[in-house]
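Working notes, structure below.
Atoms considered below: every heavy atom in the structure, side chains included; atoms not considered: hydrogens, waters and symmetry mates.
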Amino acid sequence: MQDNGVLVTGGAGFIGSNLANALAADNDVIVVDDLFLGTEENLIDAVDFRERSVLEDGLPTDVDVLFHLAALSSMQMHEEDPQRGARVNVEGFVNAVEQFVQDGGDTVVYATTSSIYGDRTEPSPESMPVKARTGYEASKLARERYAEYYDNYYDDLTVAGLRYFSVYQGMAGGAEGHKGEFANIIAQFADDIANGESPVIYGDGTQTRDFTHVEDIVNATIRAAEADLSGVYNAGTETQYSFNTVVELLNDELGTEVEPEYVGNPIPDDVYVHDTLADASRIREATGWVPSVSFTEGIERVCAPYTE
């Protein structure tokens, strides 16, 4: 993507800042973020940062492409304040898209979530039935339904949602450091192990995730805009790794022998996602996107700041 005006909401957060920084090499990029979950320090100087809420009027939506990543991004945040979660994740999406359309914009790409698939050891296609088991999942499904409405209502508007699978980068040398307990478990475990602390694992560590490096997520998100996609698309690697394997590989890379601490899972079984796995064939066929960062390389990147 080149020579476009771009707005990234939630652009000072983990994924948003990586996206904004990548786009800024060849585009005019504006970031809107209220800094509830992000930090301006994640952004390079070429990005035009505005400390704003997506619930406000007068957003800088006179741009070519809207990347809407602003959200309260965990189950816990929604359980603590359901009204805020719904307002930010649903009303904030509607508010940003409405202003963008009024300013003549025609390409929207937004973040949704893979957690709506629930527990899956088999690949999860976009066509499978999904349901909301938490307020967070409900808000993302509502976002998808509004996107479907916009696709149908506005003839010239394309709206693509990406169901991201377990995105990671790392605490040190990455944009996850400010997220703390909300960072991906790879980032948390690496930081614990590098500092001689036992990573805490809920249950027996056999749970799995389709871990996807943020560089690949950024690439998929940009490709969705370039291809003017509509509908929902998975963004994942189509491979799974257990938490126990993550600890083993981190120890190998860091040259440590830190054992994890296993504890009872405080999250109810009926809402805890034990396993995830993407079927990414739809976005691959639509855009040619395939992940380029292998899990081994990803682990190396996460650990590099601790070993250099």
Side-chain angles (χ1 to χ4, degrees), residues 14 36-37 71-82 84-86 89 113-124 128-141 163-172 174 176-212 236-237 239-254 256-278 295 298-299 302-303 306:
F14 164 41
F36 179 71
L37 292 173
L72 296 193
S73 56
S74 77
M75 180 189 75
Q76 181 180 335
M77 293 177 192
H78 283 258
E79 298 306 316
E80 291 175 351
D81 194 342
R84 178 179 173 82
N89 285 17
T113 181
S114 62
S115 67
I116 56 176
Y117 293 123
D119 291 332
R120 295 280 296 178
T121 54
E122 295 297 318
S124 300
M128 69 171 282
V130 295
K131 62 181 181 180
R133 299 170 302 162
T134 66
Y136 169 64
E137 292 168 0
S139 73
K140 288 305 185 81
L141 281 173
R163 293 172 176 170
Y164 296 146
F165 279 75
S166 202
V167 189
Y168 73 98
Q169 183 179 32
M171 294 279 206
E176 289 191 84
H178 69 283
K179 293 188 68 175
E181 64 178 307
F182 298 111
N184 187 278
I185 65 102
I186 291 179
Q188 294 189 55
F189 287 2
D191 201 60
D192 288 339
I193 293 171
N195 288 288
E197 301 177 4
S198 293
V200 176
I201 294 180
Y202 295 160
D204 61 6
T206 58
Q207 62 265 61
T208 62
R209 295 288 181 272
D210 186 331
F211 294 108
T212 313
T237 67
T239 57
Q240 293 170 309
Y241 293 90
S242 73
F243 286 17
N244 286 330
T245 298
V246 170
V247 172
E248 179 183 345
L249 292 175
L250 289 171
N251 270 313
D252 288 346
E253 185 64 27
L254 291 167
T256 52
E257 296 181 357
V258 178
E259 294 292 328
E261 176 186 356
Y262 297 96
V263 301
N265 192 345
I267 303 174
D269 289 341
D270 60 344
V271 298
Y272 184 69
V273 177
H274 193 276
D275 303 284
T276 67
L277 183 62
F295 193 61
I299 291 290
V302 171
C303 294
Y306 300 107

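- Legend: residues meeting side chain to side chain contact (heavy atoms under 4.5 Å, CB included) with Ser166, ordered by chain and number and at least two apart, are Asn184, Arg209, Phe211.
- Looking at heavy atoms from C-beta onward, Phe243 lies in side-chain contact with Phe189 at the 4.5 angstrom threshold.
- Shown here are the salt bridge (charged side-chain N to carboxylate O under 4.0 Å, His left out) partners of Glu253, two or more places apart in sequence or in another chain: there are none.
- Ser114 meets the side chain to side chain donor-acceptor pair (under 3.5 Å) test with no other residue; sequence neighbours excluded.
- Scored by the side chain to side chain donor-acceptor pair (under 3.5 Å) test, Thr245 finds Ser242 as partners (sequence neighbours excluded).
- The side chain to side chain donor-acceptor pair (under 3.5 Å) test applied to Asn244 returns Tyr262, not counting sequence neighbours.
- For Arg120, the salt bridge (charged side-chain N to carboxylate O under 4.0 Å, His left out) test picks out no residue, with sequence neighbours left out.
- With sequence neighbours excluded, no residue forms a ring-ring contact (aromatic ring centres under 6.0 Å, His included) with Tyr164.
- Scanning for side chain to side chain contact (heavy atoms under 4.5 Å, CB included) contacts around Glu261 gives Ser198, Val200, Val263, with sequence neighbours left out.
- Taking the six-membered ring where tryptophan is involved, the planes of Phe295 and Tyr168 are perpendicular, since the angle between them exceeds 60° and thus also 30°.
- Using a 4.5 Å cut-off on side-chain heavy atoms (C-beta onward), Tyr117 and Leu277 make no contact.
- Looking at residues two or more places apart in sequence or on another chain, you find a side chain to side chain contact (heavy atoms under 4.5 Å, CB included) between Gln188 and Met171, Ala183.
- Atom CG of Asn195 sits in a crowded spot, with more than 12 heavy atoms from other residues, nucleotides or ligands closer than 6.0 Å.
- In this structure Asp210 satisfies the side chain to side chain donor-acceptor pair (under 3.5 Å) test together with Thr237, sequence neighbours excluded.
- Leu250 has its side chain within reach of Cys303: a pair of non-hydrogen atoms, C-beta onward, lies under 4.5 Å apart.
- Looking at Val271 and Glu137, their side chains never come closer than 4.5 Å, going by heavy atoms from C-beta outward.
- Under the side chain to side chain contact (heavy atoms under 4.5 Å, CB included) criterion, Thr256 pairs with Ile193, Asn251, Leu254, Val258, sequence neighbours left out.
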